[in-house]
Amino acid sequence: MFILTLATSLVTLGQGNPMDSLGHVIATTSSDTIKAEAIMELAWKKMYEDSPQAKKLVFDGLAVMDQIDNLRVKGYGYTVAGVVYWVASSYDTATMYLEEAIKVYEQKGDERGLSAVYNNLSLIAQNQSKYPEALTYAMHSLELARKLENPSMLASATFTVGNIHYFLKDNEKALETFLEALYLFETHELSSNFHKLLLNIGSTYHNLQQLDSAKNFYARSLTQANAVNDYKTIAITTTNLGNLAMDASEYGKAVTYYKQAQNIYQEKFTNDFDHSLLLHSLAKAYSKLDNPLMAESYGKQSLALAEKVQDKQRTAAAHQILSDIYEQKGSFQQALFHFKSGTALKDSIFNLEKSAQLAEIETKYETALKDQQISEQQLTIVENKKNLQRSFFALVIAGLVLIAVLAIMILLRSRNKKEQKLLLQQKELEVKEAYIHAALESQESERKRFAQDLHDGFGQLISALRLNISRLQGNFDELETRVAVVDKSEGILQEMHQEIRNIAFNLMPATLIQFGLKEGLREFAQRMNQSEQINIEISVFGLDNRLEELQEISLYRVIQEWVNNAIKYANPQKISIQLTRHENELSLIIEDDGKGFDPSILKNATGNGWRNIQSRLQRIGAQWEVDSQAERTGTSFIIDIPSVEIKKQQQMTIPR
């Protein structure tokens, strides 16, 4: 069997900020929510290249996460922790964290998160040769992905099912499933784990002895893995190229490939499961090169790692290669010991397979038993029919009565449904009327404010300009006097121009329309900061392209309304606005250091501000939550937009 790579799944992982940006966020943010998420994302990025540092980051992130009550961040954090410990071959710890993630996602009702966690649990079970358990998890993940109609999750789950067929040595079924996953990756332009899928297709072709196809997919995988610096996949692909050389009896060339992979495991990252396979291949190559000392050394190292990760197949294979090596050296007692040890492990694996066969036979027996019971029930029904015919008239009467009762029940039920439907429609109309009323009041308020601004601002300026110009009608013979009047008139005109710009900005900022949400927010913050009464900070990550106009205007007005209310009621000194674009999701977090409040008062709010915010967020399909308490300082307003659209003229696909 050739080495296979397993593709991890993670929910809500963005395109990723550079590590220095994440470090800056961790060091400067005052929000535990943002800090916990940034620490976990940094751990994810470091898990292959520096596993100890990744585990330390997980420990720090979990400590921060304990201080907050945010289900989205907790689910994300536990998932990252599980994957980091899986990469480090700490399977029990990984499983524990992923099971915690399941609890959080079930509480949150997040089926996308559950699909990702089930997929990762399947991968851990595969590493432990628990294939029935792995298949159960994978099918859970696949079922949820199909329900969600999410191409990325569906491709990942299909990929995982293919791995299980591969490990069960059903290469034809594995190849069929992998190619199905490949179609999903290429059709939807998915990039995450694409190089790993190419590697696994190459390994399957290798098992089927279609060596040209295997070499082709290995080469494609190596190119993609180098592009994203995935050292794990590079190491595995290089190992498999060494296996191709072994098949061609080019043992020296094989050792060269194996040494390259060995350097990656020693210098870049640690993975005992894959490393054990590489050491086994090195032992076999040196055995073929008649170098029993090197072969024995690598065989022992392979056995030690296989026993460490508790993989029976790897351990049995290591015993077998050591048995062959000791036989080659003439150490028959040691050869016999390892032969017996390997055989015992193979027998235990066989017994597991035999137990599975017995379970299948038992299922067939239970099915046959149920069929027999159904047949007996059918005979009983026939006999009952004969008895029923003897009292036909009584049954007809009873049937008519039953039909009448059923008809009445159906009518009552239908009437009840209609009443409930009418009540629901009435409530919907009341809600719509409330939103329309709020919108009309908001428009009317905006018109009054606009009229007031025109009257107060322009009325005085026009009066001043009229008086100033009337002076020119007098008998001013001196040129200096007329020049002074003109200069003063020009100053008044400049004030009028500035007043027009301010009114236009309040109506619809030109920067928002011309340059998008990011620049519009920065101009908004700059204007607010000029008062020197408040400090507004804007942080934008991953939003390189513009959103649809409705999304940009709605988010801008929501931010504007929330900030104005915060300044009015909470008296903050600092407000932080962070926009982060993930795969097809946009996260907005507004935090202030002002007075907290009880969020439940928003449900009964009589003002138009909160109703306007809700109306705008509902129009763009957003979800939101307010994190604040009356007895503490600071408020967080968190908004998630599940589906983010890019303007067509600027659309750029960023696959995940």
Side-chain angles (χ1 to χ4, degrees), residues 1-5 51-52 88-89 127 129 199 203 206-207 209 211 214-215 218 222 231-349:
M1 181 182 289
F2 306 104
I3 303 180
L4 188 77
T5 188
S51 182
S89 301
N127 280 154
S129 301
L199 168 58
S203 297
H206 202 157
N207 280 343
Q209 291 300 302
L211 303 185
K215 188 174 182 180
Y218 286 156
L222 199 57
Y231 296 113
K232 174 182 172 69
T233 303
I234 295 171
I236 294 175
T237 307
T238 305
T239 301
N240 285 358
L241 287 170
N243 294 340
L244 277 176
M246 287 288 290
D247 291 341
S249 300
E250 297 175 344
Y251 306 125
K253 184 178 180 180
V255 169
T256 301
Y257 279 122
Y258 294 151
K259 288 290 187 180
Q260 292 175 7
Q262 174 81 338
N263 289 336
I264 294 174
Y265 287 121
Q266 291 176 341
E267 298 175 5
K268 299 297 184 181
F269 82 106
T270 300
N271 187 286
D272 296 333
F273 182 83
D274 297 331
H275 198 181
S276 172
L277 285 172
L278 170 63
L279 294 168
H280 180 276
S281 298
L282 274 167
K284 188 174 180 180
Y286 276 111
S287 178
K288 293 290 186 181
L289 290 170
D290 292 326
N291 190 337
L293 290 177
M294 293 295 291
E296 179 184 359
S297 174
Y298 284 117
K300 288 181 177 179
Q301 293 177 54
S302 176
L303 177 61
L305 287 181
E307 289 176 338
K308 179 181 177 182
V309 298
Q310 299 178 352
D311 187 283
K312 292 185 178 181
Q313 288 187 344
R314 304 288 177 268
T315 306
H319 278 299
Q320 183 61 52
I321 192 65
L322 283 171
S323 177
D324 294 342
I325 292 167
Y326 283 123
E327 183 179 356
Q328 183 182 8
K329 289 176 64 177
S331 302
F332 299 111
Q333 186 175 357
Q334 289 177 297
L336 180 61
F337 167 76
H338 287 288
F339 177 79
K340 288 181 177 180
S341 299
T343 302
L345 283 169
K346 287 180 180 178
D347 288 343
S348 68
I349 295 171

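Here the structure is a predicted model, which means the values were calculated and not measured.
Listed by chain and residue number, N243 satisfy the side-chain hydrogen bond (donor to acceptor under 3.5 Å, both in side chains) test with Y258 (two or more places apart in sequence, or in another chain). Evaluation of the side chain to side chain contact (heavy atoms under 4.5 Å, CB included) rule for H275 yields Q262, Y265, L278, L279, L305 as partners, not counting sequence neighbours. Residues passing the side-chain hydrogen bond (donor to acceptor under 3.5 Å, both in side chains) test with Y298 are K259, sequence neighbours excluded. Among residues two or more places apart in sequence or in another chain, the salt bridge (charged side-chain N to carboxylate O under 4.0 Å, His left out) test is passed with E327 by none. F339 meets the side chain to side chain contact (heavy atoms under 4.5 Å, CB included) test with Q320, S323, T343; sequence neighbours excluded. Contacts of K329 classified as salt bridge (charged side-chain N to carboxylate O under 4.0 Å, His left out), with partners at least two apart in sequence or in another chain: E296. In terms of the side chain to side chain contact (heavy atoms under 4.5 Å, CB included) criterion, Q310 has no residue partners (sequence neighbours excluded). S297 is linked by a side-chain hydrogen bond (donor to acceptor under 3.5 Å, both in side chains) to Q301, counting only residues two or more places apart in sequence or in another chain. Residues passing the side chain to side chain contact (heavy atoms under 4.5 Å, CB included) test with A317 are H280, sequence neighbours excluded. In this structure, D324 has no salt bridge (charged side-chain N to carboxylate O under 4.0 Å, His left out) partners at least two apart in sequence or on a different chain.
In terms of heavy-atom proximity, S129 sits nearest to D311 at OG-OD2, 3.2 Å. In terms of heavy atoms, A316 sits closest to G342 at CB-O, 3.9 Å. Taking each heavy atom of T238 and Y257 in turn, the nearest pair found is CG2-O, 3.2 Å. Minimum interatomic distance between A285 and V255 (heavy atoms only, all atoms of both residues): CB-CG2, 3.7 Å. Annotation for G299 and A283: closest pair N-CB, 3.5 Å, computed over non-hydrogen atoms. Between S51 and A88 the shortest heavy-atom distance is OG-CB, 3.4 Å.
Applying the salt bridge (Lys or Arg N to Asp or Glu O under 4.0 Å) definition to pairs two or more places apart or across chains, none involves residues 283-294. The side chain to side chain donor-acceptor pair (under 3.5 Å) analysis of residues 330-342, with sequence neighbours excluded, yields the pairs H319-H338.
Atom OH of residue Y218 and atom CG of residue L241 lie 7.5 Å apart, to the nearest 0.5 angstrom. Annotation: the span from R314 atom CZ to L303 atom CG amounts to 13.5 Å, rounded to 0.5 Å. Atom OG of S89 is separated from atom CG of D274 by 8.0 Å, given to the nearest 0.5 angstrom. Distance CZ/F273 to CG/N127: 4.5 Å, rounded to 0.5 Å. Going from atom CG of N207 over to atom CD of Q209 covers 8.0 Å, rounded to the nearest 0.5 Å. Once rounded to the nearest 0.5 Å, the distance linking CG of N240 with NE2 of H206 reads 7.0 Å.
Between T256 and Q260, the closest side-chain pair of non-hydrogen atoms falls below 4.5 Å.
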Determine, stepwise, if the pair L277 / T239 fulfils side chain to side chain contact (heavy atoms under 4.5 Å, CB included).
CA-CA 9 Å; L277 285 172; T239 301; 6.0 Å; no

(Q) Set out, in order, the CA-CA distance, both residues' side-chain angles and the distance that settles side chain to side chain contact (heavy atoms under 4.5 Å, CB included) for M246 and S281, then state yes or no. (A) CA-CA 9 Å; M246 287 288 290; S281 298; over 6 Å; no

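Side-chain atoms of S276 do not come within 3.5 Å of backbone N or O of D272 as any donor-acceptor pair.
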